[in-house]
Amino acid sequence: AQSVSQHNHHVILSEAASLELGCNYSYGGTVNLFWYVQYPGQHLQLLLKYFSGDPLVKGIKGFEAEFIKSKFSFNLRKPSVQWSDTAEYFCAVLSGGYNKLIFGAGTRLAVHP
Amino acid sequence: KAGVTQTPRYLIKTRGQQVTLSCSPISGHRSVSWYQQTPGQGLQFLFEYFSETQRNKGNFPGRFSGRQFSNSRSEMNVSTLELGDSALYLCASSLNPGAGDTEAFFGQGTRLTVV
């Protein structure tokens, strides 16, 4: 069965620091990968997605992620975080071609001014 | 256009009761999926419906069921509620994820508390 592993459960950063959140998935075939963000009290929102093509994917709010097939990884990055990036971040893989997402455990990011 | 709408937003039920949650997808979206979110287990897939047919099901007991109507609205039902069913239940809609590049849009969820 497919699985997704997020390395950090809690991350604390100061504003302007760089961010990298790790994500590894288990499936070896063609994968569709996503990063979702959940701001406090809000619904899950898509940050970015990878289906095919350029492995460096750019998303909203300055986020990007790199798909490295040989490492089964899809790490999320942002060069300079802001207090408003405080949220929980979820990596997910689409399973079986249907609307079934397998999520990682999530990473809670706290950004201090 | 309107997003995914889930009703009610909050529910408190007693053990042994049953509950029905509703989800209205984005207009034009025909696929609806349900997820359970808890602090201990995270986000777990319950089931997915497309054109009134269940295409995929997660590892949940038979007390969890769902259906989809011809207008793509979906309901999920949990019978004989247990304390462990307390969770945030999320609904997600998409055009047709089996047809290529697509994404799931999530509702704000229904917070179910079983006492």
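First the proteins, then the strands, lettered A, B, ... as listed; each starts at 1. All values derive from a computational prediction rather than experimental measurement.
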Response to the item:
When rounded to the nearest 0.5 Å, the distance separating CD of B:E103 from CG of A:N32 is 12.0 Å
Worksheet, complete the sentence: Looking only at B:G107, B:G109, B:A104, the option with the highest number of non-hydrogen pairs under 4.5 Å against chain A is B:A104
Practice prompt. Side chain from CB out, backbone as N, CA, C, O: work out which of these in B:L90 comes under 4.5 Å of a heavy atom of chain A, or both, or neither.
Written response: side chain
Discussion item. Quick check on A:R77: does its CZ atom have over 12 non-hydrogen neighbours (other residues, nucleotides or ligands) under 6.0 Å away?
Written reply: yes
Discussion item. I'd like to check A:Q38 versus B:Q37 (side-chain heavy atoms, cut-off strictly below 4.5 Å). Are they in contact?
Written reply: yes
Item to complete: Select all residues of residues 67-77 of chain B having any heavy atom within less than 4.5 Å of some heavy atom of chain A, and report them by number, or 'none'.
Response: none
Item to complete: Apply salt bridge (Lys or Arg N to Asp or Glu O under 4.0 Å) to the pair A:K100 and B:E48, showing each step before the final yes or no.
Response: CA-CA 7 Å; A:K100 175 182 179 179; B:E48 189 251 359; over 6 Å; no
Worksheet entry | Heavy-atom proximity to chain B below 4.5 Å, by part of A:L44 | both
Discussion item. Please say yes or no: joined through hydrophobic side-chain contacts below 4.5 Å, possibly via intermediate residues, are B:Y49 and B:F60 part of one cluster?
Written reply: yes
Worksheet entry | Which portion of A:Q45 sits near chain B, non-hydrogen atoms under 4.5 angstrom | neither
Worksheet item: Do other residues, nucleotides or ligands put more than 12 heavy atoms under 6.0 Å from the CG atom of A:L56?
Response: yes
Discussion item. I need the minimum non-hydrogen distance between B:Q108 and A:Q42, along with the two atoms involved.
Written reply: NE2-CA, 4.0 Å
Discussion item. Ring centres under 6.0 Å, that's the criterion: do A:F103 and B:Y35 meet it?
Written reply: yes
Worksheet item: Are B:L88 and B:V19 joined in one hydrophobic group, where the rule is that I, L, V, M, F, W and Y side chains link up if heavy atoms are under 4.5 Å apart?
Response: no
Discussion item. I'd like to know whether A:F90 forms a side chain to side chain contact (heavy atoms under 4.5 Å, CB included) with B:L43, so could you lay out the CA-CA distance, the side-chain angles of the two residues, the decisive distance to 0.1 Å, and finally the verdict.
Written reply: CA-CA 9 Å; A:F90 295 92; B:L43 280 151; 3.7 Å; yes
Worksheet item: With hydrophobic residues grouped by side-chain heavy-atom distances under 4.5 Å, do B:L81 and B:V115 end up in a single group?
Response: no
Practice prompt. Could you state whether A:L13 and A:L47 fall into the same hydrophobic cluster, counting links through intermediate Ile, Leu, Val, Met, Phe, Trp or Tyr residues with side-chain heavy atoms under 4.5 angstrom apart?
Written response: yes
Practice prompt. Could you state whether A:I60 and A:Y89 fall into the same hydrophobic cluster, counting links through intermediate Ile, Leu, Val, Met, Phe, Trp or Tyr residues with side-chain heavy atoms under 4.5 angstrom apart?
Written response: yes
Worksheet item: Where is the tightest heavy-atom contact between B:F45 and A:L101, given as atom of each residue plus distance?
Response: CB-O, 4.3 Å
Practice prompt. Give a yes or no on this: more than 12 heavy atoms of other residues, nucleotides or ligands lie within 6.0 Å of atom CZ of A:R108.
Written response: no
Worksheet item: Tell me, side chain or backbone of B:Q44 under 4.5 Å from chain A's heavy atoms, or both, or neither?
Response: neither
Worksheet item: Around atom CD1 of A:I12, are there more than 12 heavy atoms of other residues, nucleotides or ligands at under 6.0 Å?
Response: no
